[in-house]
Amino acid sequence: MTTRFRFPRAMRVVSTRDFRRVYREGSRARGSLMTVAVAPNGLPHSRLGLSVGRAVWKKAVRRNRVRRVFREAFRLEQHELPAGLDVVVIGSVPRVEPELEATRRELRQLTAKAWRRYREKAER
RNA sequence: CGAGAGGACCGGGCGGUCGCUCCCGGAGCGCGAGCUCCGGGGGAGGAAAGUCCGGGCUCCGCGGGUCAGGGUGGUUGCUAACGGCAACCGGUCGCAAGGCCCGGGAAAGUGCCACAGAAAACAAACCGCCUCCUCCGGGAGGUAAGGGUGAAACGGUGCGGUAAGAGCGCACCGCGCCCCCGGUGACGGGGGUGGCACGGCAAACCCCACCUGGAGAAAGACCAAAUAGGGGGGCGGGCGACGACCCGCGCCUCUCGUCCCCGGGUAGGUCGUUGGAGGCCGGGCGCGAGCCCGGUCCCAGAGAAAUGGCCGCCCCCCCGCCCCUUCGGGGGCGGGGGACAGAAUCCGGCUUACAGGUCCUCUCGCGCC
RNA sequence: GCGGGCGUAGUUCAAUGGUAGAACGUCAGCCUUCCAAGCUGAACGCGUGGGUUCGAUUCCCAUCGCCCGCU
């Protein structure tokens, strides 16, 4: 049985309430391509939320490109990431042109880093 | 062959693989909304953009009138409508094909025209020119051809005429008015006449003609947790509002009285939401924009927002190395690049951005037959 | 997605269609033993491209950039 890389809508953070919860309670980690914010979601799987605003690119095409690369990176890395998290990927770097492999690497590192910070905060 | 003009169109192709979303069919799970799997099908643009116009649609209670405000500006058409388009007229640029033009009114009124200049719009006269007078300093009168200023100076050129001159007279051109002819019309052509009157600016106020209510899908309709206790309807009276006023009808936000009823609504969800002034093919009408008839097709519907990622081959462009060459170029290998740009209620236009490429028609020049 | 508004010196703002000004800042000189303050002087420009006009920062059109409001 080969590992599947499905990515249905249920694996997306969609509602405004969930976004607000991650921003308020979650922990963050910033890298050269993105900022990652995480918080547990109480589900058996992790979910992805995207936030790529006009500060990244003024043209809608370029923003869509950034979102697609981020989304593809999450799809391919979903089994390597901790389960049961809401992962909000924020486009925080103006005029980024992300490469897929670099994005996968950074997503993995930043998610682990943010998740570690969350657990340290929870212990205190 | 070269130079150029106008128009129509395409916007990388094929395959593999991992995904997303919607629709249809089937199977499984679940009380159910639904979820999962399998198969089939659809899935960005010519500008989806800017939001500059016009319309559909929805709400603001409906209809009518006058005004205010806003818009348009050659004519005739096309259209659901338009500030769009077509044909034509006029002006202007080009040898031409053709291009460009916010192209009504300045004898309804108001305003502005800096500086310079004598004078800037209604007539006047700085230097001049001419005649006469003179105490030789100049003065009176005639004149607007010449000078100079200016973006613009009171018709232009020539001849006659005169003291010097002047439409003072004549010819041609321009301009105004009248008549005739052609055209639906803008306007064009011809004839007569006037003796020049009417400087420019209306993307200055304005006048004229025509058009025009406001908001916008976050419009709007429905279902409906948690929380909070209020909320709704009928009848009668009063005040008042939707740019202003008026008329007719309708209605009640607000408030008072009274009677009756149990719903209202945030988060969230569903609808609106994709079948339409629709695409393609054929025929007919029209110079054309377009219109009519018949056949055929269903062709994106997301929602923190799908239409993507990776790989291979082909196509086009650029660079490097090597080989061949009839010096025009051809071939091989490697590397890089392939525009502008992403639907969000829909449609008709306009505008702006854009690598490269295809097709059609026309003009001018050169050569050959 | 929709609706509004604004672009003028380095900065904050003015200006009827007729030479673009003010304050602060910058630079130079004077003054002072030196600095500051003060005085004098200078440089610095209408977002961009067209059009109307004799003439445009001003009027008209297009374009670029920025800001605000509406669930």
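Residue numbers start from 1 in every chain, and the chains themselves are labelled A, B, ... in the order their sequence lines are given, proteins ahead of strands.
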Measuring only the [atom1] atom in each nucleotide, how far is [N] from [M]? A whole number of Å is fine.
N	M	atom1	answer
B/A118	B/G160	P	34 Å
B/G301	B/C359	P	37 Å
B/G332	B/C313	P	15 Å
B/G141	B/G146	P	25 Å
B/G84	B/C102	C1'	15 Å
C/G1	B/U51	P	8 Å
C/G25	C/U11	P	16 Å
B/G40	B/A344	C1'	29 Å

Side-chain donor-acceptor contact under 3.5 Å, A/Gln78 with A/Ser46: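 On atom types as modelled, these side chains do not qualify, holding no pair under 3.5 Å.
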Sorted by number, the residues of residues 67-84 of chain A with heavy-atom contact under 4.0 Å to RNA chain B: A/Arg67, A/Arg68, A/Arg71, A/Glu72, A/Arg75
In terms of base orientation, is [N] syn or anti, with the syn window spanning 90° either side of 0?
N	answer
B/C299	syn
B/G167	syn
B/A228	anti
B/G46	syn
B/U51	anti

With rounding to the nearest 0.5 angstrom, report the [atom1] to [atom2] distance, [X] to [Y].
X	Y	atom1	atom2	answer
A/Thr103	A/Met34	OG1	CE	5.0 Å
A/Arg30	A/Leu110	CZ	CG	11.0 Å
A/Phe5	A/Arg75	CZ	CZ	7.5 Å
A/Ser27	A/Arg116	OG	CZ	11.0 Å
A/Lys59	A/Arg95	NZ	CZ	14.0 Å

Nearest-nucleotide 5' precedence on RNA chain B, A/Thr16 against A/Arg62: A/Thr16
Residue whose closest nucleotide on RNA chain B lies nearer the 5' end, A/Arg17 versus A/Leu100: A/Arg17
Mind calculating the distance between [atom1] ([X]) and [atom2] ([N]) to the nearest angstrom?
X	N	atom1	atom2	result
A/Lys58	B/A341	NZ	P	12 Å
A/Lys59	B/A47	NZ	P	18 Å
A/Met11	B/A305	CE	P	15 Å
A/Arg4	B/U17	CZ	P	14 Å
A/Arg54	C/C68	CZ	P	12 Å
A/Glu99	B/C310	CD	C1'	12 Å
A/Arg65	B/U307	CZ	P	11 Å
A/Leu48	B/G19	CG	P	17 Å

Need the pair for [N]. Rule: Watson-Crick or G-U wobble, both distances under 3.5 Å, any strand; none if unpaired.
N	answer
B/G158	B/C170
B/G34	B/C29
B/A81	none
B/G248	B/C62
B/C88	B/G74
B/U253	none
B/G216	B/C57
B/U352	none

A/Arg63 vs B/A305: side-chain N/O to OP1/OP2 distance below 4.0 Å: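 Negative; the distance criterion is not met.
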Plane angle bin for A/Trp115 and A/Tyr118 - parallel if under 30°, tilted between 30 and 60°, otherwise perpendicular: parallel
Aro-ring/base stack A/Phe19-B/A304, d under 5.5 Å, angle under 30°: yes
Criterion side-chain contact (heavy atoms from CB on, under 4.5 Å) on A/Val36 and A/Val87, from CA distance to verdict: CA-CA 7 Å; A/Val36 173; A/Val87 180; 3.7 Å; yes
A/Arg104 and A/Glu77 ion-paired at < 4.0 Å: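 Looking at A/Arg104 and A/Glu77, the cut-off is met.
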Sugar-phosphate only, base, or nothing, as touched by A/Val52 at under 4.0 Å among non-hydrogen atoms: nothing
Per A/Asn64 side chain, nearest of listed nucleotides B/G342, B/A304, B/G19: B/G342
Minimum-distance nucleotide (side-chain atoms of A/Pro8 versus B/C18, B/C20, B/G303): B/C20
Candidates A/Asp86, A/Asn41, A/Thr16 - the one meeting side chain to side chain donor-acceptor pair (under 3.5 Å) with A/Arg21: A/Asp86
